[in-house]
Amino acid sequence: MATEHVKCLIIGSGPAGYTAAIYTGRANLSPVVYEGIQPGGQLTITTEVENFPGYPEGVTGPVLMDDLRRQAERFGADIRGGIVTKANLSKAPYSFVIDEEKEITADTVIISTGATAKYLGLEDEKKYAGMGVSACATCDGFFYRKKTVAVVGGGDTACEEAIYLAGLASKVFLVVRKPYLRASKIMQERVMNHPNITVLFEHNATGLYGENGVEGMHVVKRMGESDEERYDIPIDGFFLAIGHKPNSEIFKPWVKTDETGYIITEPDTPRTGIPGVYAAGDVADPHYRQAVTAAGSGCKAAIEAERYLSAQGML
Ligand code: NDP
């Protein structure tokens, strides 16, 4: 297997990875970035991004990611297609397998593999992607001012998204499959007491309909042990909030993760506890999950990597 050694390996190509590449490039670390399964990350599947600083007129997700990528390349980042399929962080230099065909070793590593929003698995979620289906209220809620939306899920995220959307939309249906909310008490109370939110307990969304985008959802309501009722609810937007899966699987033997799989870093830093190995962006962030916070943590990771190499006399 062909082997290559690099000073700084960045795994993943969302806002965290590209920002880390810009900073490590400018610091002469000659970063190598592997883009992963979804080059550009989650933002490439959103449409309009209006809350990334520096774009007063807004920008589409793909254009924003292309801008970040080109900015990283300008400073010498070597951005490559490919997926890191194995990792060994037991000792430095750390070693990785790319696409099962190439080995790479690295003095510093920035893990920025992101997280993937979970979807219900309905065909209609794909059909209406970017046309009324979203997994991020903070990103897309603005487009539903004075409209009617549904949020699926019963955890803290779903409650938080429902409350956020209720401040914009005129009506929010929270679709909960169980007869109770899993969210914390305080979030439950806020949701139950909000005049714009109606909680539909023991409901499942089974499909969506509409000519040019989402105009409504099909639901099924469980009634007792064996009975059910099927009906339609007109809505303009359909938000998924049934959890995220951080893409941390191959690193789990070495880094600490919480029960969902988010990498646990030292407080307020991207340090994983392994010297020279950092985690940035959504893979280590169960709370904020924004492009700008991911970019900020990518910057921190890059500065850490540069200082680490400098302290080791490896620059
Ligand atoms: P959770 O796993 O806590 O909740 C997921 C919700 O989605 C559950 O209600 C679950 O239902 C529901 N769900 C899962 N799959 C399906 C499905 N196929 N169909 C219908 N419903 C489904 O995820 P969250 O993202 O809400 O939270 C993750 C973690 O982050 C939690 O620990 C949470 O407390 C924390 N968090 C904290 C916040 C805060 O403190 N402000 C804000 C946001 C998150 P069921 O209950 O039936 O399993």
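Note that the coordinates shown come from a computational prediction; the quantities given were computed from them, not determined experimentally.
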Between the side chain of Ser248 and the main-chain N/O of Gly261, is any donor-acceptor distance below 3.5 Å?
-> yes

Considering residues, nucleotides and ligands other than Leu315, do more than 12 of their heavy atoms fall under 6.0 Å from its CG?
-> yes

Do we see a donor-acceptor contact under 3.5 Å between the side chains of Asn247 and Thr113?
-> no

Do you know which of Asp107, Thr108, Leu9 makes side-chain contact (heavy atoms from CB on, under 4.5 Å) with Pro93?
-> Asp107

Using distance alone, with no hydrogens and no angle criterion, decide if Thr198 and Lys171 have a side-chain donor and acceptor under 3.5 Å apart.
-> yes

Side chain proximity check, Asp232 to Met217, heavy atoms < 4.5 angstrom = no

Min side-chain heavy-atom separation Ile197-Ile163 under 4.5 Å = yes

Taking Glu304 for its side chain and Lys300 for its backbone only, find out whether a donor-acceptor pair lies under 3.5 Å.
-> no

Consider only side-chain heavy atoms of I, L, V, M, F, W and Y, link residues closer than 4.5 Å, and tell whether Tyr278 and Ile263 are in one cluster.
-> no

Are Ile10 and Ile104 grouped together when hydrophobic residues (ILVMFWY) are joined by side-chain heavy atoms under 4.5 angstrom apart?
-> no

Working to the nearest 0.5 Å, report the span between OH of Tyr144 and CG of Leu165.
-> 9.5 Å

Do the ring centers of Tyr231 and His203 come within less than 6.0 Å of each other?
-> yes

Pair Asp78 + Arg80: basic N to acidic O under 4.0 Å = yes

Sidechain-backbone polar pair: Tyr128 side chain, Gly210 backbone, donor-acceptor under 3.5 Å = yes

Mark yes when over 12 heavy atoms from residues, nucleotides or ligands other than Glu123 sit less than 6.0 Å from its CD; otherwise mark no.
-> no

Determine, using the 4.5 Å side-chain heavy-atom cutoff (strictly less than), whether Ile186 and Val191 are members of one ILVMFWY cluster.
-> yes

Tyr262 and Trp254: same hydrophobic cluster, using ILVMFWY side-chain contacts below 4.5 Å?
-> no

Ser170 side chain to Lys146 main-chain N or O, any donor-acceptor pair under 3.5 Å?
-> yes

Could you verify whether a donor N or O on one side chain and an acceptor N or O on the other, from Asp285 and Ser297, lie under 3.5 Å apart?
-> no

Run the salt-bridge test on Lys86 and Glu100 with the 4.0 Å N-O cut-off and return the result as yes or no.
-> yes

d(Phe75 CZ, Arg26 CZ) to nearest 0.5 Å is 5.0 Å

Enclosure of Phe173 CZ (heavy-atom neighbours >12, cutoff 6.0 Å) | yes

Check whether any side-chain N or O of Thr257 sits under 3.5 Å from a backbone N or O of Lys252 as a donor-acceptor pair, and report yes or no.
-> no

From CA spacing to verdict: side chain to side chain contact (heavy atoms under 4.5 Å, CB included), Ile274, Val255 | CA-CA 8 Å; Ile274 303 173; Val255 299; 3.9 Å; yes

Taken to the nearest 0.5 Å, the spacing of Ile250 CD1 from Ile11 CD1 works out to 6.0 Å

Find out whether Val32 and Cys8 are in side-chain contact, i.e. whether some heavy atom of one side chain is under 4.5 Å from a heavy atom of the other.
-> no

Residues Tyr18 and Ile79: closest non-hydrogen pair is CE2-CD1, 4.0 Å

So do Asp282 and His244 actually touch side chain to side chain, heavy atoms under 4.5 Å?
-> no

Does the pair Glu228 and Arg230 meet the rule for a salt bridge (charged side-chain N to carboxylate O under 4.0 Å, His left out), with working shown?
-> CA-CA 7 Å; Glu228 62 180 37; Arg230 289 176 184 271; 3.0 Å; yes

Evaluation steps, salt bridge (charged side-chain N to carboxylate O under 4.0 Å, His left out), between Arg222 and Glu229 = CA-CA 7 Å; Arg222 195 153 54 90; Glu229 184 190 345; over 6 Å; no

Once you round to the nearest 0.5 Å, how far does CD1 of Ile98 lie from CE of Met1?
-> 10.0 Å

Determine the minimum heavy-atom distance between Pro62 and Thr44, stating which atoms define it.
-> CG-O, 3.8 Å

Could you tell me whether a side-chain N or O of Glu125 sits under 3.5 Å from a main-chain N or O of Leu122, the two making a donor and an acceptor?
-> yes

Calculate, to the nearest 0.5 Å, the distance between atoms OH and CD1 belonging to Tyr209 and Ile233 respectively.
-> 8.5 Å

Report yes or no: does Asp236 contribute a side-chain atom to a donor-acceptor pair with the main-chain N or O of Thr148 at less than 3.5 Å?
-> yes

Compute whether any side-chain donor of one residue and acceptor of the other, for His218 and Asp124, lie under 3.5 angstrom apart.
-> no

Check step by step if side chain to side chain contact (heavy atoms under 4.5 Å, CB included) holds for Asp66 and Val63.
-> CA-CA 5 Å; Asp66 192 52; Val63 168; 5.6 Å; no

Are any side-chain N or O atoms of Glu202 and backbone N or O atoms of Met223, one a donor and one an acceptor, separated by less than 3.5 Å?
-> no

Which value, rounded to the nearest 0.5 Å, describes the distance between Leu181 atom CG and Leu174 atom CG?
-> 6.0 Å

Please tell me if the side chains of Leu208 and Val133 come closer than 4.5 Å, counting only heavy atoms from C-beta onward.
-> yes

Is there a donor-acceptor pair closer than 3.5 Å between any side-chain N or O of Thr24 and the backbone N or O of Pro31?
-> no

Salt bridge (charged side-chain N to carboxylate O under 4.0 Å, His left out) between Lys102 and Glu4, worked out | CA-CA 8 Å; Lys102 174 183 167 120; Glu4 177 189 3; 2.6 Å; yes

Heavy atoms, side chains only, cut-off 4.5 Å: are Lys178 and Phe201 in contact?
-> no

Donor-acceptor contact present, side-chain Ser13 to main-chain Gly17, <3.5 Å = no

If every non-hydrogen atom of Glu161 is compared with every non-hydrogen atom of Ala137, which pair is closest and at what distance?
-> OE1-N, 3.1 Å

Is any side-chain heavy atom of Ser95 less than 4.5 Å from a side-chain heavy atom of Glu103?
-> yes

Under 6.0 Å from the six-membered ring centre of Tyr180 and within 45° of its axis: does the NZ or CZ of Arg182 meet both?
-> no

Check the hydrophobic clustering (I, L, V, M, F, W, Y; side-chain heavy atoms under 4.5 Å; chains of links allowed) and say if Val6 and Met314 are grouped together.
-> no

Taking every heavy atom of Ala284 against every heavy atom of Pro286, the minimum-distance pair comes out as O-CD, 3.7 Å

Arg289 and Gln42, any side-chain heavy atoms less than 4.5 Å apart | no

Check whether the ring centres of Tyr34 and Phe96 lie less than 6.0 Å apart, and answer yes or no.
-> no

Neighbour count >12 (heavy atoms, 6.0 Å) for atom CG, Asp268 | no

